[in-house]
K.L.:
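Could you have a look at this structure, given as structure tokens, before my questions?
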Amino acid sequence: MKNISGLSYMPPVDKFQIESIKTITLKLLDYCNKNNWAGYDPYDALNSRIFEFLPFLNFRIPRLVLTQLLKRCPFNLRPLLQIPKTHNPKALGLFLMSFIKLSKLGLLVQEDLITKMVDELIAHRSQDSSYWCWGYSFPWQTRTILVPKGAPNLVCTVFVANALLDTFEFNNDKRCLEMAISAGDYILAELYRHEDDGKVYFSYPFPTMRIPVHNANLLAAALLTRLSRYTKEKNFLGPAIEAARYSASMQHNDGSWDYGESPKYRWIDNFHTGYNLCALKTLSKCIQSTEFDKSTRQGFDFFCNHFFRDDNAPKYFHDKVYPIDIHSVAQSIITLIDFKQYNENNLRLAYFVCEWAIEQMWNEKSGYFYFVDLPFWKNKISYMRWSQAWMLLALTYLLEDSYQAYISEQVI
């Protein structure tokens, strides 16, 4: 359990630390650029051409087994299985968010990357929908159905739409606002559910799903409230607030949320909790309300007290140490910075988490972050969406805060 109130505060704004973070950020940016923003994914097993050559394997159980095998294997078997590197729309959205932050700091040398990434997102939209929406660059097998490659889903669409809104707010590219609004229309028209038993939610991972998933619910609600500022005539606000109220009501007394409202979803993890908290913060800001402050405060206290080891490594689950996943590292940094106003030590813990990740999960020679740290070994495979895109965004959050804090201190 991590008690951040016991940390002695030291403002992390010294020039050496800023330069170190900047160097690693730009090196990671260069790595992703050289790979053309494409890469492997922990869940891309079903992109393998083995299913073309051996069609008798193309059934539910073999698909599930191969996906889990590749995810857990310490060796990258994807070239052997003819799995290509792909452009994942969620990763592209995260990259776009990072580009905008870097551009504001004067650190994006190739300013045309923002326009190019928007063009990539246009090219990789889901083709079978009249709305602007996005899905993953691989098919994936659930316990019951096979989700096709590119099939739109809520979480992927939300992150892309938020990146497009960031772009519109940065350079007034009206295409981006139009696409983001269309994404909101998709979420409201095809995914919104208000059931007789009081459940109010947005379906995830596919429209036929009838089990509330809280991070998806709150992410969608936050996006819709953000969109409502630009679309006064659209009915985004009411459903968003109702869905957020439902998820807030399902929060446990200790401040935690289960992943979702099903016996098979009764786990509590780091980065989905972080999604919930950041989404509630965005929503509250957009509607200028304190209604969710108690829920957010309790959730954040749980987050800080249960998801960090004594050496500042962020845990994946609240009740066990391993695995330590790079996605949890990134979301921990983002969440702590988002809530730095709660406690001055939140910011310091964010820097400690980053330092731990650089020491334990950064490949200095190649310029990328490892996937996961386990008790006796590390999975060092590079995953573009899960690892690099998320860590680039987290590092740009740190850089943005570092520059602001450093300039503030210089002014003082």
K.L.:
Can you sort out the partners of Lys380 under salt bridge (Lys or Arg N to Asp or Glu O under 4.0 Å), two or more places apart, ordered by chain and number?
P.N.:
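In terms of salt bridge (Lys or Arg N to Asp or Glu O under 4.0 Å), with neighbours along the sequence ignored, Lys380 is linked to no residue.
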K.L.:
Got a sec, which pairs hit ring pair (Phe, Tyr, Trp, His ring centres under 6.0 Å) with one end in residues 96-125, sequence neighbours left out?
P.N.:
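Non-adjacent pairs meeting ring pair (Phe, Tyr, Trp, His ring centres under 6.0 Å): Trp37-Phe99, His87-His124.
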K.L.:
Do any pairs count as a salt bridge (Lys or Arg N to Asp or Glu O under 4.0 Å) and have a residue in residues 99-117, sequence neighbours left out, and if so which ones?
P.N.:
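Non-adjacent pairs meeting salt bridge (Lys or Arg N to Asp or Glu O under 4.0 Å): Lys101-Glu400, Asp112-Lys116.
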K.L.:
What residue pairs, at least two apart or across chains, pass salt bridge (Lys or Arg N to Asp or Glu O under 4.0 Å) with a residue in residues 288-307?
P.N.:
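Listed once each, the pairs are Arg245-Glu291.
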K.L.:
Which residue pairs satisfy the salt bridge (Lys or Arg N to Asp or Glu O under 4.0 Å) criterion with at least one member in residues 181-191, sequence neighbours excluded?
P.N.:
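The answer is Asp185-Lys234.
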K.L.:
Among all residues two or more places apart in sequence or in another chain, which pass the side chain to side chain contact (heavy atoms under 4.5 Å, CB included) test with Pro152?
P.N.:
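Partners of Pro152 by the side chain to side chain contact (heavy atoms under 4.5 Å, CB included) criterion, ordered by chain and then number, come out as Ser126, Cys133, Tyr186.
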K.L.:
Would a distance-only check, ignoring hydrogens and angles, find a side-chain to backbone donor-acceptor pair under 3.5 Å from Glu19 to Thr23?
P.N.:
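Not confirmed, Glu19 side chain does not pair with Thr23 backbone.
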K.L.:
With sequence neighbours excluded, tell me which residues meet side chain to side chain contact (heavy atoms under 4.5 Å, CB included) with Ser295.
P.N.:
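Side chain to side chain contact (heavy atoms under 4.5 Å, CB included) check on Ser295 returns Ala248, Gln251, Trp257, Leu280.
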K.L.:
Report the residues that fulfil salt bridge (Lys or Arg N to Asp or Glu O under 4.0 Å) with Asp44, sequence neighbours left out, ordered by chain and then residue number.
P.N.:
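Only Arg78 meet the salt bridge (Lys or Arg N to Asp or Glu O under 4.0 Å) criterion with Asp44.
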K.L.:
What's the verdict on side chain to side chain donor-acceptor pair (under 3.5 Å) for Thr282 and Arg226, showing C-alpha distance, side-chain angles and the deciding distance?
P.N.:
CA-CA 8 Å; Thr282 296; Arg226 193 177 173 196; over 6 Å; no
K.L.:
When the side chains of residues 207-221 are checked against the rest of the protein, which donor-acceptor pairs come out under 3.5 Å, sequence neighbours left out?
P.N.:
unit_1, atom_1, unit_2, atom_2, d
Arg210, NH1, Pro207, O, 2.9
His214, ND1, Ser247, OG, 2.9
His214, NE2, Glu261, OE2, 2.7
Asn217, OD1, Phe202, N, 2.9
Asn217, ND2, Val200, O, 3.2
Asn217, ND2, Ala243, O, 3.2
Asn217, ND2, Ser247, OG, 2.9

K.L.:
Starting from the C-alpha separation in whole Å, work towards a yes-or-no answer on ring-ring contact (aromatic ring centres under 6.0 Å, His included) for Tyr43 and Phe138.
P.N.:
CA-CA 8 Å; Tyr43 297 95; Phe138 46 82; 7.0 Å; no
K.L.:
Residues in side chain to side chain contact (heavy atoms under 4.5 Å, CB included) with Lys34, at least two apart?
P.N.:
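Expected list: Asp30.
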K.L.:
According to salt bridge (Lys or Arg N to Asp or Glu O under 4.0 Å), does anything in residues 350-362 pair up with another residue at least two apart or in another chain? List the pairs.
P.N.:
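For residues 350-362: none.
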K.L.:
Can any side-chain N or O of Asn36 pair as donor or acceptor with the backbone N or O of Ala38 at less than 3.5 Å?
P.N.:
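Checked: no pair found.
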K.L.:
For residues 386-393, please give each side-chain donor-acceptor pair under 3.5 Å, one per line with the distance, not counting sequence neighbours.
P.N.:
unit_1, atom_1, unit_2, atom_2, d
Trp386, NE1, Asp325, OD1, 2.8
Trp386, NE1, Asp325, OD2, 3.0
Gln388, OE1, Phe369, N, 2.9
Gln388, NE2, Phe369, O, 2.9
Gln388, NE2, Ser382, OG, 3.2
Trp390, NE1, His327, NE2, 3.2

K.L.:
Which residue is it: Tyr322, Trp267, Phe271? I am looking for the one with a ring pair (Phe, Tyr, Trp, His ring centres under 6.0 Å) to Tyr316.
P.N.:
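For Tyr316, the ring pair (Phe, Tyr, Trp, His ring centres under 6.0 Å) check succeeds only for Phe271.
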K.L.:
Could you walk me through whether Lys85 and Asp41 pass salt bridge (Lys or Arg N to Asp or Glu O under 4.0 Å), step by step?
P.N.:
CA-CA 8 Å; Lys85 295 181 178 181; Asp41 193 276; over 6 Å; no
